[in-house]
Amino acid sequence: MAAIAQSIALLLFLSLAYLSHGGITSRFMRKLEASVDMPAEAFPPPSGHNAPEQVHITQGDRNGRGVIISWVTPLSPKPNVVRYWAADSDEDHDHTVRSRITTYKYYNYTSGFIHHATISDLEYDTKYFYEIGSGDAKRRFFFTTPPMVGPDVPYTFGIIGDLGQTYDSNQTFEHYYSNSKGQAVLFVGDLSYADNHPFHDNRKWDTWGRFVEKSTAYQPWIWTAGNHEMDFAPELGENTPFKPFTHRYHVPYKSAQSSSPLWYSIKRASAYIIVLSSYSAYGTYTPQYQWLKNEFTKVKREETPWLIVMLHSPWYNSYDYHYMEGESMRVMFEPWFVENKVDLVLSGHVHAYERSERVSNVRYNITNRLSTPIRDINAPMYVTIGDGGNIEGLANQFTEPQPNYSAFREASFGHALLEIKNRTHAYYTWHRNHDNEPVAADSLWIYNRYWYPEDESSQ
């Protein structure tokens, strides 16, 4: 009897150890000095009268043959024409498209003239030059369209979140910029952090746009709205959420039959990307809820095998910061994510890095008490990458012990790359800022949930 009791005790101990203890908590800890914004002088406007600035592009349609080109002119709305041509053709065989212009006021700030021009019907996998401005302020850039949508099309995404414009932000940005692999950026929210300054200093939106231009003007950044994009400040008379963000950053939400630019979807190469808003209503029968419910019916894994969701507030988070803030959205949508075999969920908000196991927490009903996350082969892998380096600094306090859903976590700044190889395999790497670019602090092969639903945790 004593031996049986000992065996039962051992089994209970091992069971509790599995439920209570997770993966790796990195021993590397970044120095805890404050993250300080770079001065405005670090981001000078380009030379020339009324020169276009803050140039950025994003996908402009459903499948990747369209591009939205956006920029700001500080003094005059004209010229508002984009001239563009294929790199392998004569420059004389150019095309033009006019921008739509908007401006906004925020408390004591008045924006420049914000331009958005959509180019359509481009050729796939083709380099294009484009030109904006005139005279001594004329500026030329280029971009490359993605390959045609298909199941085995390789493509590499950069992943960045919560960037800001500090010296740490600059290190993150330069590390990504220096890596030639990235073809587009999946940005999981929190751009300029203007709202961290007195009166939501909207000049910070201008300096941020100049800061990232050397990447955003040449490859598309796919935008997610975070809490620092809300800019809701009734005490300043500013009662319209997301005003600066939605004026400055346009996305192709109408082509996704969305009623709001805060949630939308695109196809790019072999990926189907769904962007959600953590800070808009998502309860039953709300527009975002109804849109997402319908959106999953449109995903064809034979065409786009990789299903990626971007949202700002993480659902699985083992830091003390923002702990369980995403819980109500998880309860609402997680069953859909599991049912539809979402491969990867990307979020920010917590200013550190964490990657989860494939887990779900969908068994619970009011009587069964099954409210603990469990390993689930059909569930997404969750990546929290709010580690861009913003002014609020690093999240460096973990919940202990590390829960079983947490595979790897580190209190550092950095960025990630997702290299999709084919319909079954993608290679994922996370690069901490204190590593040289070729060295990844976290890496693994990710297996597609639809075509190759094996367990990566055995790697």
ring-ring contact (aromatic ring centres under 6.0 Å, His included) filter on W223, not counting sequence neighbours, yields F187, W221, Y249

- Please determine if R139 and E131 form a salt bridge, counting it only when a charged side-chain N lies under 4.0 Å from a carboxylate O. no

Value for CG (L417) from CD (Q183), rounded to nearest 0.5 Å, stands at 10.5 Å

Subject >> salt_bridge(R409, E400) N-O dist < 4.0 Å >> reply: yes

Nearest heavy-atom approach of P287 to S259 is CB-OG, 3.8 Å

Query raised in the report: Taking the six-membered ring for Trp, are Y155 and F157 ring centroids under 6.0 Å apart?
Result: yes

Tell me, with the steps shown, if E53 and R248 meet salt bridge (charged side-chain N to carboxylate O under 4.0 Å, His left out). CA-CA 12 Å; E53 61 174 73; R248 291 171 181 270; over 6 Å; no

**Prompt:** Given the side-chain rings of Y447 and H425, with only the six-membered ring counted for Trp, is the space between their centroids under 6.0 Å?
**Reply:** yes

Aromatic Y193 / basic K204 pairing, under 6.0 angstrom, 45° off normal
no

With sequence neighbours left out, the residues meeting side-chain hydrogen bond (donor to acceptor under 3.5 Å, both in side chains) with E327 are R330

Hits for ring-ring contact (aromatic ring centres under 6.0 Å, His included) against F43, two or more places apart or cross-chain, chain-then-number order -> F211

Taken in chain and number order and not counting sequence neighbours, the residues that satisfy salt bridge (charged side-chain N to carboxylate O under 4.0 Å, His left out) with K298 are E295

To the nearest 0.5 Å, atom CD of E229 lies from atom OG of S192 at 7.0 Å

State, with a plain yes or no, whether a side-chain heavy atom of I68 is found less than 4.5 Å away from one of Q59. no

- Query: Side chains of V82 and I119: does their closest heavy-atom pair fall under 4.5 Å?
  - Reply: yes

Answer yes or no: is there an ion pair linking E419 with K421, defined by an N-O contact shorter than 4.0 Å? yes

- Message: A side-chain contact here means heavy atoms from C-beta on lying under 4.5 Å apart; do L75 and T73 qualify?
- Response: no

inquiry  = Quick check on the 6.0 Å ring-centre criterion: do H175 and H431 meet it?
reply    = no

Notebook entry, point to check: Heavy atoms, side chains only, cut-off 4.5 Å: are R449 and I377 in contact?
Noted result: yes

* Would you tell me whether H322 and N317 have side-chain atoms, one donor and one acceptor, within less than 3.5 Å of each other? => no

(Q) A side-chain contact here means heavy atoms from C-beta on lying under 4.5 Å apart; do R83 and R140 qualify? (A) yes

Would you check if the distance from the ring center of Y382 to the ring center of Y316 is below 6.0 Å? yes

Across all chains, not counting sequence neighbours, the ring-ring contact (aromatic ring centres under 6.0 Å, His included) partners of Y450 are none

*asked:* Distance alone, cut at 3.5 Å: any donor-acceptor contact between the side chains of N404 and E357?
replied: no

Will you find, in the side chains of N396 and Y321, an N or O donor that is under 3.5 Å from an N or O acceptor?
yes

**Test: K214 and E174 ion pair at under 4.0 Å** = yes

Give a yes-or-no answer on whether the side chains of Y167 and D37 include a donor-acceptor pair shorter than 3.5 Å.
no

Q. Does the ring center of Y253 lie less than 6.0 Å from the ring center of W263?
A. no

Point to revise | Pair Y128 + F142: ring centers closer than 6.0 Å | key: no

By ring-ring contact (aromatic ring centres under 6.0 Å, His included), Y130 pairs with (sequence neighbours left out) F141, F143

Note to self: Side chains of I69 and V67, heavy atoms from C-beta outward: is any pair under 4.5 Å?
What the structure shows: yes

Short N-O contact, R358 and D455, less than 4.0 angstrom
no

Correct closest heavy-atom pair for N448 and P305 would be ND2-O, 2.8 Å

